[in-house]
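As structure tokens, the structure follows; a few thoughts come after it.
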Amino acid sequence: MFLILFCGTLAVQLLLNFHDQLRFLQTSPTRIYGRSARLLGFYDIPTLNTKQFCFTGLVFILSLLSATAGIASRWCLLVALCCYFLYFGQIISLGYVQRKTNLIPIVLLILLVSPSIGHPLQQSAPLWPVVLTKIALAQMYFSAGLQKLRRGGLRWCNGRALQAYLVHYYLWGDMPGALRLAQQPRLCVLLTSLVMTFELTFWLMLLSPPLTYGYALGGLIFHSATALTMRIHYLKYLSPVYMVFATELAFQLLPVLSENW
């Protein structure tokens with residue numbers, strides 16, 4: 001079920017953003033921002049021209065859709081994993097791609113080695129791929145909170161850093177909502193404290209399942225707020241990973257949908 005939700009959502013996001021990403025590629029970003037990404041920091045990813053980029057994107061989307069439909073899922077996941085590095089490596093400097101797609105290859109790899117991806121939905125399956133995905137999410141948030149502590153300590157929660165970011169994005173992107181929020185120092189203190197707490201304690205949902213949906217909702221609110229106030233769009237490519245929180249609900253709804261169908 002998680003395979004279906006993740007691959008289906010990722011394919012939709014690729015389709016929705018393909019035209020924008022193709023236009024970005026046509027500006028020759030490697031000439032402006034330097035060479036394309038390097039795999040594991042050591043191996044240069046080949047530079048693709050426009051036709052090769054389009055072909056890679058098409059193969060990427062089709063492999064995800066095939067995996068969603070259960071057609072040679074393991075091979076399609078392997079193809080999708082390779083296409084990820086080729087495709088996003090060309091546009092790594094794009095704002096809503098840089099650092100925001102890092103969990104995608106990790107989840108693809110988890111699904112690739114999962115022993116149950118070819119089994120029928122009704123058949124029982126080990127839960128460790130879902131748990132590993134949640135651990136990857138928790139690690140992402142914890143490292144972000146830890147980095148804030150290393151740079152500013154608890155002073156990061158005084159709201160001034162958030163005010164500076166909000167003013168920066170107001171001047172850069174003409175975001176009036178960001179300026180209005182920056183003019184509320186007490187609210188900024190509250191928000192920075194909540195963000196720090198959220199990031200450093202996200203891993204608790206691994207130990208206490210009842211907290212899972214609360215943290216998932218908190219993450220959606222957090223990323224939606226940054227998109228509205230600062231145009232930081234994490235949910236474009238984090239939303240497929242967040243499908244891990246919808247897996248159990250979707251599985252419970254499956255018999256109901258089958259009966260109605």
Side-chain angles (χ1 to χ4, degrees), residues 13 16-37 88-104 136-205 214-242 245:
Q13 288 290 1
L16 291 176
N17 295 283
F18 178 76
H19 180 67
D20 177 59
Q21 292 164 0
L22 177 60
R23 291 180 60 189
F24 181 76
L25 178 79
Q26 290 171 337
T27 65
S28 300
T30 54
R31 295 183 181 180
I32 301 173
Y33 300 101
R35 61 186 175 185
S36 58
F88 284 110
Q90 313 303 313
I91 54 173
I92 194 65
S93 51
L94 188 57
Y96 62 81
V97 170
Q98 192 174 42
R99 298 191 304 274
K100 299 173 181 64
T101 66
N102 291 354
L103 286 184
I104 290 177
L137 263 174
Q139 182 276 333
M140 181 192 75
Y141 287 124
F142 185 79
S143 62
L146 187 62
Q147 186 68 7
K148 292 180 178 67
L149 284 178
R150 291 179 61 186
R151 289 190 174 185
L154 293 178
R155 291 179 301 173
W156 194 89
C157 295
N158 62 17
R160 294 180 181 176
L162 177 58
Q163 287 178 299
Y165 278 116
L166 290 167
V167 172
H168 167 77
Y169 282 101
Y170 164 71
L171 296 173
W172 171 73
D174 190 23
M175 304 290 289
L179 182 61
R180 287 194 295 268
L181 183 56
Q183 293 171 336
Q184 305 293 326
R186 292 184 180 179
L187 182 57
C188 287
V189 172
L190 175 62
L191 291 175
T192 50
S193 300
L194 288 174
V195 168
M196 182 72 79
T197 302
F198 168 78
E199 292 180 337
L200 292 177
T201 64
F202 190 88
W203 57 270
L204 288 176
M205 60 92 185
Y215 275 101
L217 179 60
L220 292 175
I221 294 173
F222 168 55
H223 293 300
S224 298
T226 58
L228 290 173
T229 57
M230 294 183 279
R231 291 182 182 172
I232 300 177
H233 298 287
Y234 263 93
L235 281 181
K236 279 184 182 291
Y237 292 112
L238 199 57
S239 57
V241 185
Y242 258 68
F245 300 117

Q: Can you establish whether the number of heavy atoms outside Y234 located under 6.0 Å from its atom OH is more than 12?
A: yes
**Q.** Heavy atoms from other residues, nucleotides or ligands near OH of Y165 exceed 12 (cutoff 6.0 Å)
**A.** no
Can you name the closest pair of heavy atoms from [X] and [Y] and give their distance?
X: S224; Y: L235; value: OG-CD1, 3.7 Å
X: K100; Y: H233; value: CD-O, 3.6 Å
X: C157; Y: M196; value: SG-CB, 3.9 Å
X: V97; Y: Q21; value: CG2-NE2, 4.4 Å
X: K236; Y: N17; value: NZ-OD1, 3.0 Å
X: W156; Y: A161; value: NE1-CB, 3.8 Å

Spacing of [atom1] belonging to [X] relative to [atom2] belonging to [Y], to within rounding of 0.5 Å:
X: T229; Y: L179; atom1: OG1; atom2: CG; result: 12.0 Å
X: Q90; Y: F24; atom1: CD; atom2: CZ; result: 11.0 Å
X: Q163; Y: L191; atom1: CD; atom2: CG; result: 10.5 Å
X: I221; Y: F198; atom1: CD1; atom2: CZ; result: 9.5 Å
X: I232; Y: F222; atom1: CD1; atom2: CZ; result: 8.0 Å
X: M175; Y: H168; atom1: CE; atom2: NE2; result: 12.0 Å

(Q) Evaluate Y141 against Y215 for ring-ring contact (aromatic ring centres under 6.0 Å, His included), listing each step before the verdict. (A) CA-CA 11 Å; Y141 287 124; Y215 275 101; 9.1 Å; no
(Q) Let's go through L149 and L154 carefully: what are the C-alpha distance in whole Å and the side-chain angles of both, what is the deciding distance for side chain to side chain contact (heavy atoms under 4.5 Å, CB included) to 0.1 Å, and is it a yes or a no? (A) CA-CA 6 Å; L149 284 178; L154 293 178; 4.0 Å; yes
Q: Measure from the side-chain N and O atoms of Q98 to the backbone N and O of S93, and report whether any donor-acceptor pair falls under 3.5 Å.
A: no
Q) Where the side chain of N158 meets the backbone of R155, is there a donor-acceptor pair that is under 3.5 Å apart? A) yes
Q. Are Q13 and Y237 close enough, and set up right, to give a side chain to side chain contact (heavy atoms under 4.5 Å, CB included), and what steps lead you there?
A. CA-CA 7 Å; Q13 288 290 1; Y237 292 112; 3.9 Å; yes
Q: Show your working on side chain to side chain contact (heavy atoms under 4.5 Å, CB included) between F202 and M140 and close with a plain yes or no.
A: CA-CA 10 Å; F202 190 88; M140 181 192 75; over 6 Å; no
Q: Indicate yes or no: at least one non-hydrogen side-chain atom of L137 is less than 4.5 angstrom from one of Y242.
A: yes
Q) Hey, mind stepping through S143 and Q139 against side chain to side chain contact (heavy atoms under 4.5 Å, CB included) and telling me if it holds? A) CA-CA 6 Å; S143 62; Q139 182 276 333; 3.9 Å; yes
Q. Quick one: which of V167, V195, T192 gives a side-chain contact (heavy atoms from CB on, under 4.5 Å) with L162?
A. T192
